[in-house]
Amino acid sequence: MGNCYTVGPNEALVVSGGCCGSDQKTYTVGGWAWAWWLITDIQKITLEIMTLQPKCDDVETAEGVALTVTGVAQVKVMNDRELLGYACEQFLGKSVQEIKSVILQTLEGHLRSILGTLTVEQIYQDRDQFARLVREVAAPDVGRMGIEILSFTIKDVYDKVEYLSSLGKTQTAAVQRDADIGVAEAERDAGIKEAEYKKQMMDVKFLADTKMADSKRELEMQKASFNQEVNTKKAEAQLAYELQAAKEQQKIRLEEIEIEVVQRKKQISIEDKEIARTEKELIATVKRPAEAEAYRMQQVAEGQKIKKVLTAQAEAEKIKRIGEAEAASIEAVGKAEAEKMRMKAEAYQQYGEAAKTALVLEALPKIAGKVAAPLAKTNEIVILSEGSRVTGEVNRLLAELPVSVNALTGVDLTKVSPVDPAVGVSI
């Protein structure tokens, strides 16, 4: 049987031992491992950062001055498998305090050895270089123990004989002396330099004003040139844009026209198919029935034509027979009338003028009837006249009658003889 052991990322779990007396070790960082009872050994080692404060008291420098130096170091066990193995060989089973003690003694030893090679001025004035030198010298030794120096800084440097204080006072006095001399020389040189600087200032001001004016003029000229170029480029860009837009519009229009052509072709094709379908439909529904109806009507018309021809022939034959009968009748009537007229003519030749007068007199009633026909619709005739003029008007009409008869017939009634009993005409 066994147990499962887990560790966080700030610890390393070391499992040693195993079956058949194996001495193999396995390292687990931030995970878990299985361990068998009575067979395997489980131990842990910290991976957290450890802060050390190395201190060297009264260590003589290269000049023999005793200094006390304190520092601050940040170290940790490296988690690389090989280096972690070195650290486990050195510190496995020890507490954190014991590990700190070993590393602290190593750092303090290197700190003492380096202090003996440097002067007080080097140590005091360049602490960073001193700390970097200690870190570089101590890193290989602690690295062989699986320890990494993350940082090392010098915290304080002091002595018991006030050497550093004296060194500071000497430097302060030298600095003060140099400062006073520098002030005097500076005041002396200031007057000279002030005049020179004023002259130079005026020269520079004049030159600056001149250059400023030139620069301003050049700036204005460049601005005008730039504006001209910008306007030109804008105009060119606008023209190019409009030209491109026109080209694109033309392309779009061409595409639209092509689409319309394709649509029109499809529409024409559809219309042609529709026309063909309609034509077939009309042939089936109209033309064929119409042809049949026309053939029927033709046959009916032929029958009617034949009927009419036969009827016309019969009617013509009827009219011909009637005409022949009427002609014969008219011929007979004509012959009778002619015979009558011949006989009248013979009588007229025999009786002469008396016969002609008789014919005229026979015709007068007919003439009088035709003349008086309009007067038949008249209810009454009123003759307006003064006194006895009515009688005179009647006599005038009667007097004009022979003249009218003479104009119509050529017979002069004033020359006609009295009644001739032989012809039976009374006047």
SB check Lys335 Glu339 (cutoff 4.0 Å): no

Criterion side-chain hydrogen bond (donor to acceptor under 3.5 Å, both in side chains) on Glu242 and Gln238, from CA distance to verdict: CA-CA 6 Å; Glu242 293 178 356; Gln238 183 66 25; 3.1 Å; yes

Salt bridge Asp203-Lys199, side-chain N to carboxylate O under 4.0 Å: yes

N-O pairing of Asp214 and Lys211 below 4.0 Å: no

Beyond-backbone contact of Ile154 with Asp156, side-chain heavy atoms, under 4.5 angstrom: no

Pairwise distance SG(Cys56) to NE2(His110) - rounded to 0.5 angstrom: 11.5 Å

Separation between CD of Glu258 and NZ of Lys265, rounded to the nearest 0.5 Å: 9.5 Å

Gln74 versus Ser151, side-chain donor and acceptor atoms under 3.5 Å: no

Met78 and Leu47: CA distance, side-chain angles, deciding distance, side chain to side chain contact (heavy atoms under 4.5 Å, CB included) verdict: CA-CA 7 Å; Met78 289 184 284; Leu47 298 179; over 6 Å; no

Least distance between heavy atoms, Pro140 atom then Glu136 atom: CD-O, 3.2 Å

Side-chain touch Val59/Val69, heavy atoms, less than 4.5 angstrom: no

N/O donor-acceptor pair under 3.5 Å between Glu108 side chain and Lys55 backbone: yes

NZ/Lys76: more than 12 non-hydrogen atoms of other groups inside 6.0 Å: yes

Crowding at CZ, Arg296 (>12 non-hydrogen neighbours, <6.0 Å): yes

pair Arg144-Asp141: side-chain heavy atoms closer than 4.5 Å: yes

Side-chain touch Ile114/Phe130, heavy atoms, less than 4.5 angstrom: yes

Residues Tyr86 and Gln90: side-chain donor-acceptor under 3.5 angstrom: no

Salt-bridge contact Arg253-Glu256 (side-chain N to carboxylate O under 4.0 Å): yes

Student check: side-chain heavy atoms of Glu148 and Val75 closer than 4.5 Å: no

Rounded distance (nearest 0.5 Å) linking atom CD1 of Ile99 with atom CD1 of Ile147: 6.5 Å

Closest contact, heavy atoms only, Pro289 versus Ile283: CD-O, 4.2 Å

Flag side-chain contact, heavy atom, 4.5 Å: Leu107 against Leu52: yes

Check: Gln267/Glu271 side-chain N/O donor and acceptor closer than 3.5 Å: yes

Electrostatic pair Glu229:Lys233 at N-O distance under 4.0 angstrom: no

Thr61 and Leu118: CA distance, side-chain angles, deciding distance, side chain to side chain contact (heavy atoms under 4.5 Å, CB included) verdict: CA-CA 6 Å; Thr61 63; Leu118 299 176; over 6 Å; no

Close side-chain approach of Pro54 and Thr70, heavy atoms under 4.5 Å: no

Interatomic distance, Lys251 atom NZ to Lys247 atom NZ [nearest 0.5 angstrom]: 8.0 Å

From Ser225 atom OG to Glu220 atom CD, the distance as rounded to the nearest 0.5 Å: 12.5 Å

Residues, nucleotides or ligands: over 12 heavy atoms within 6.0 Å of Glu324 CD: yes

OG-CD distance between Ser215 and Glu218, expressed to the nearest 0.5 angstrom: 6.0 Å

Under 3.5 Å donor-acceptor, Thr311 side chain and Lys307 backbone: yes

Thr68 side-chain N/O to Asp58 backbone N/O, donor-acceptor pair under 3.5 Å: yes

Carboxylate-amine/guanidinium contact Glu274 Arg277, below 4.0 Å: yes

Side chains of Tyr158 and Leu67 in contact at under 4.5 Å (non-hydrogen atoms): no

Worked verdict on Arg321 versus Glu317 for salt bridge (charged side-chain N to carboxylate O under 4.0 Å, His left out): CA-CA 6 Å; Arg321 297 296 176 85; Glu317 185 67 23; 2.8 Å; yes

Side-chain donor/acceptor of Thr210 to backbone N/O of Phe206, under 3.5 Å: yes

